[in-house]
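Protein chains get the first letters and strands the later ones, always in sequence-line order, with residue 1 at the start of each.
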Protein chains: 2
Amino acid sequence: MTMYGSRPTMKDVASHAGVALKTVSRVVNGEPGVKPRTAERVSRSIAELGYRRNDSARVLRKGKTASIGLVLEDIGDPFYAMLSRAVEAVAARHGSLLITGSSGEDPGRERALALAFCARRVDGLIIVPASDDHTYLLPEIDAGIAVVFADRPPRLIEADTVLTDNVRGAFDGVTHLIRGGHRRIGFIGDAPHIYTAAHRHQGYLDAMAAAALPVGGSWVSMAAPDAGSVGSALRRMLSGPEPVTAVFCGNNRTTVLALRELRRTGAAVALAGFDDLELFDLLTPAMTVVAQSTGEIGRTAAELLFRRIGGYMGPAECVELPASLIVRGSGEIPPASG
Amino acid sequence: MTMYGSRPTMKDVASHAGVALKTVSRVVNGEPGVKPRTAERVSRSIAELGYRRNDSARVLRKGKTASIGLVLEDIGDPFYAMLSRAVEAVAARHGSLLITGSSGEDPGRERALALAFCARRVDGLIIVPASDDHTYLLPEIDAGIAVVFADRPPRLIEADTVLTDNVRGAFDGVTHLIRGGHRRIGFIGDAPHIYTAAHRHQGYLDAMAAAALPVGGSWVSMAAPDAGSVGSALRRMLSGPEPVTAVFCGNNRTTVLALRELRRTGAAVALAGFDDLELFDLLTPAMTVVAQSTGEIGRTAAELLFRRIGGYMGPAECVELPASLIVRGSGEIPPASG
DNA sequence: TTGAAAGCGCTACCAG
DNA sequence: CTGGTAGCGCTTTCAA
């Protein structure tokens with residue numbers, strides 16, 4: 001065993017095997033033009049010294065890292081975990097490693113992560129934006145780093161983007177509630193500056209307008225979700241002279257929080273939400289949701305990215321994937337008489 | 001804007017600003033000893049050229065990458081997503097990036113990922129083992145790469161390890177079912193070569209033995225879980241002359257699969273399982289589980305890792321975290337008369 | 001089939 | 001306070 005902290009280099013292997021450094025390089029990289037006997041001898045030295053190629057040096061020389069970066073909001077959220085899984089699968093197929101970072105919805109952190117990845121010279125970047133200005137990426141894109149946006153579009157720059165049709169999804173969900181006989185329907189969204197939150201809110205408004213239904217003053221909540229904000233929003237829309245009989249939630253977090261609040265109070269309200277979660281189908285009643293193709297978003301984004309990395313130079317493309325209503329019961333509770 | 005694919009280097013910045021390369025280096029790295037006026041001029045050149053330090057070169061020179069690798073089973077699994085989140089938080093605090101790879105329970109892929117990370121010269125590695133031989137890591141450890149194991153211990157080598165007390169956890173869960181009056185209790189585990197599966201199985205056997213209860217021939221299933229295997233195992237243990245009245249599941253996946261099967265058949269069986277999931281508390285009945293401190297496992301592993309990276313040379317340490325029984329209802333269904 | 005030399009972009013070390 | 005030089009470990013290029 002070598003001394004602690006040491007690391008054999010190609011040079012070490014070369015002198016151990018009695019060949020030139022370049023010959024070792026050829027063997028390590030499986031390049032042709034090495035006599036089998038020589039290759040054999042080199043391989044033995046490699047094994048004996050425990051040599052492992054230093055990819056840092058390789059990267060420096062070649063300019064390609066065979067790695068991509070993924071900036072998302074929170075790797076602990078099931079939605080993003082699924083997205084990561086899909087991205088990782090595609091990356092693995094391309095022989096690429098995946099570096100992940102969570103922005104926590106903080107624009108500064110998104111930027112710091114993206115630039116840190118660029119400093120490592122990742123071949124490409126998939127970003128779920130938290131920032132409202134992506135011009136900071138222009139020098140990077142100009143220098144040849146491929147960038148694809150997922151879940152939300154870029155701001156102030158153009159790039160390949162993969163989105164869910166959020167307006168249409170929310171429209172379908174809310175329309176479903178309306179068809180169930182509801183006329184007073186609440187919407188619990190997220191911070192209004194978040195693209196998906198804004199679009200789903202729009203889908204809600206469109207559906208209400210299409211059915212010629214008014215929207216009461218206390219029926220909409222657009223705030224970063226936590227137990228407190230969702231709870232009080234729900235209490236507000238369920239009380240007063242015009243209580244809602246159904247609620248549509250803007251994402252998996254608000255849905256779960258609303259669910260907990262409704263369980264606590266025992267209110268019999270129809271509930272549907274954007275995003276599906278693993279156990280939603282086992283609840284009583286099971287959750288009616290508008291489901292995104294989470295894996296498909298990640299897969300598509302990764303494939304667009306590798307197309308760019310592969311040299312594709314076409315104009316920026318935006319892929320919009322459909323969301324689909326899954327009827328399970330919670331959204332089919334009829335409106336209370338009145 | 002520079003030509004496509006170009007990238008200004010320190011040398012470019014230096015000549016642009018009319019200073020020596022080393023001065024640029026000082027400014028970029030915030031080193032002292034540069035006159036404010038000079039620094040200002042350099043900063044302007046940096047901004048103007050869109051310069052960004054090439055960390056590949058930096059890494060090559062310094063030997064430290066400020067990045068760690070995490071090899072786990074599947075980033076899409078909520079358990080590992082939570083673990084990642086905790087690891088990433090600690091890494092961020094140490095200014096380190098996180099490279100993640102999913103082994104899919106394949107020893108070859110675990111090894112390939114770990115070695116790929118080492119080739120990138122990550123400063124350290126957190127591994128959730130799929131392999132039963134980690135001697136391949138010896139040259140890496142010898143060369144100074146810190147390695148910590150999480151969720152499952154290393155095989156044939158020694159290293160810091162963070163585990164849950166799986167035997168005790170399963171023992172407590174099964175004992176709880178026994179206290180509820182059950183005498184015939186089934187166990188649905190995972191592939192027996194998986195450490196956690198084996199230990200939880202042991203905890204089950206211990207609990208049965210401690211209560212002097214026999215274990216029927218068809219009461220235990222140790223197989224990689226899918227709807228088919230769990231379904232048939234469950235049908236087997238619920239039929240025949242000695243049907244179980246309660247089932248303990250070995251992890252979140254088997255629990256969910258069993259839950260679905262029981263819903264499908266409508267069998268009234270007490271059910272408890274290892275691992276908690278987000279919506280388990282909202283089911284009817286809510287799931288009684290033995291919960292691990294998932295975030296704590298990740299946090300502890302990451303902290304042990306950075307202690308090693310920081311130069312700590314003490315003997316390998318094994319931290320065992322407790323699992324705690326959460327009583328919610330599904331495990332308190334009394335045994336059917338008979 | 002093999003080898004020698006140049007240099008990727010940066011930091012460490014020593015001069016001025 | 002500033003600059004030059006060496007060299008991290010590898011690949012590229014060209015020569016033998």
Side-chain angles (χ1 to χ4, degrees), chain A residues 2 5-43 45-46 49-66 116 118-123 143-145, chain B residues 2 5-43 45-46 49-66 116 118-123 143-145:
Chain A
T2 50
S6 82
R7 260 287 182 195
T9 70
M10 275 191 180
K11 201 167 129 193
D12 298 331
V13 176
S15 57
H16 183 103
V19 296
L21 185 153
K22 176 67 225 190
T23 302
V24 178
S25 171
R26 288 199 177 92
V27 173
V28 167
N29 295 297
E31 285 167 25
V34 179
K35 203 157 47 172
R37 266 193 45 149
T38 316
E40 166 66 21
R41 193 146 42 92
V42 170
S43 297
S45 293
I46 288 174
L49 297 176
Y51 169 78
R52 215 85 76 185
R53 182 177 67 197
N54 183 333
D55 278 358
S56 298
R58 169 172 235 246
V59 159
L60 177 57
R61 195 59 240 249
K62 301 198 73 153
K64 286 275 168 191
T65 56
C118 289
R120 301 291 164 104
R121 296 296 189 268
V122 293
D123 300 331
I145 291 189
Chain B
T2 51
S6 83
R7 260 288 182 194
T9 69
M10 274 192 180
K11 203 166 127 194
D12 299 330
V13 175
S15 58
H16 183 103
V19 297
L21 186 152
K22 178 66 227 192
T23 302
V24 178
S25 172
R26 287 200 178 93
V27 173
V28 167
N29 295 297
E31 284 167 25
V34 180
K35 199 157 50 171
R37 266 190 46 145
T38 316
E40 167 65 22
R41 194 146 43 92
V42 170
S43 296
S45 293
I46 288 175
L49 297 176
Y51 169 78
R52 214 86 75 184
R53 183 178 65 196
N54 184 333
D55 278 357
S56 298
R58 170 171 235 248
V59 158
L60 177 58
R61 194 59 242 249
K62 301 198 71 154
K64 286 274 168 192
T65 56
C118 289
R120 300 293 164 102
R121 297 296 188 269
V122 293
D123 299 332
I145 291 189

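Taking atom CG of residue Asn54(B) and atom P of nucleotide dG9(C), one finds them 7 Å apart after rounding to whole Å. Glu31(A) has its CD atom 14 Å from the P atom of dG3(C), to the nearest Å. Atom CZ in Arg26(B) sits about 13 Å away from atom P in dC13(C), given to the nearest Å. One atom, NZ of Lys62(A), and another, C1' of dG7(C), lie 16 Å apart when rounded to the nearest Å. Rounded to an integer number of Å, the gap from Lys11(A) NZ to dA5(C) C1' is 13 Å. The interatomic distance linking Asp12(B) (CG) with dC10(C) (C1') rounds to 13 Å, in whole Å. Rounding to whole angstrom units, CZ of residue Arg58(B) and C1' of dG9(C) are separated by 12 Å. Straight-line distance from the CZ atom of Arg7(B) to the C1' atom of dG7(C): 19 Å, rounded to whole Å.
Looking at every heavy atom in both residues, Thr65(A) comes nearest to Val59(A) through CG2-CG1, 3.4 Å. Nearest heavy atoms, Ser45(A) versus Ala17(A): OG-CB, 3.3 Å. Heavy-atom minimum distance, Ala143(B) versus Arg7(A): CB-NE, 3.3 Å.
At dC10(C), none of the side-chain N or O atoms of Ser25(B) fall inside 4.0 Å of OP1 or OP2 (strictly under the cut-off). Dashed line: the shortest gap from a side-chain N or O of Ser56(B) to OP1 or OP2 of dG9(C) is not under 4.0 Å. Between Asn29(B) and the phosphate of dT11(C), there is a side-chain N or O to OP1/OP2 separation shorter than 4.0 Å.
Val19(A) comes within contact range of the sugar-phosphate backbone alone, with a heavy-atom separation under 4.0 Å but no base atom that close. Using a 4.0 Å heavy-atom criterion, one finds that Lys35(A) contacts the sugar-phosphate atoms exclusively. Contacts of Arg53(B) with the nucleic acid, taken as non-hydrogen atoms under 4.0 Å apart, involve only primed sugar atoms and P, OP1 or OP2.
Each of Ala57(B) and Gly33(B) was assigned the nucleotide of DNA chain D with the nearest heavy atom; the assignment lying further toward the 5' end belongs to Gly33(B). Projected onto DNA chain D by closest heavy-atom contact, Thr23(B) and Thr9(A) fall at different nucleotides, the more 5' of which corresponds to Thr23(B).
Under the side-chain contact (heavy atoms from CB on, under 4.5 Å) rule, Val34(A) has a single partner from Glu40(A), Arg26(A), Lys22(A), which is Arg26(A).
In this structure, the side chains of Val13(A) and Leu49(A) come closer than 4.5 Å at one or more pairs of heavy atoms. Residues Arg121(A) and Lys62(A) have side chains not in contact (no heavy-atom distance under 4.5 Å, counting atoms from C-beta outward).
Of the candidates dG9(C), dT2(C), dT11(C), dT11(C) carries the atom nearest the Leu21(B) side chain, counting heavy atoms from C-beta on.
Boundaries of the chain A contact region on DNA chain D are dG9(D) to dT13(D), first to last in 5' to 3' order (nucleotide atom under 4.0 Å from a heavy atom).
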Any chance you could lay out the side chain to side chain contact (heavy atoms under 4.5 Å, CB included) test for Thr9(A) and Asp12(A), step after step, and finish with the verdict? CA-CA 5 Å; Thr9(A) 70; Asp12(A) 298 331; 3.5 Å; yes

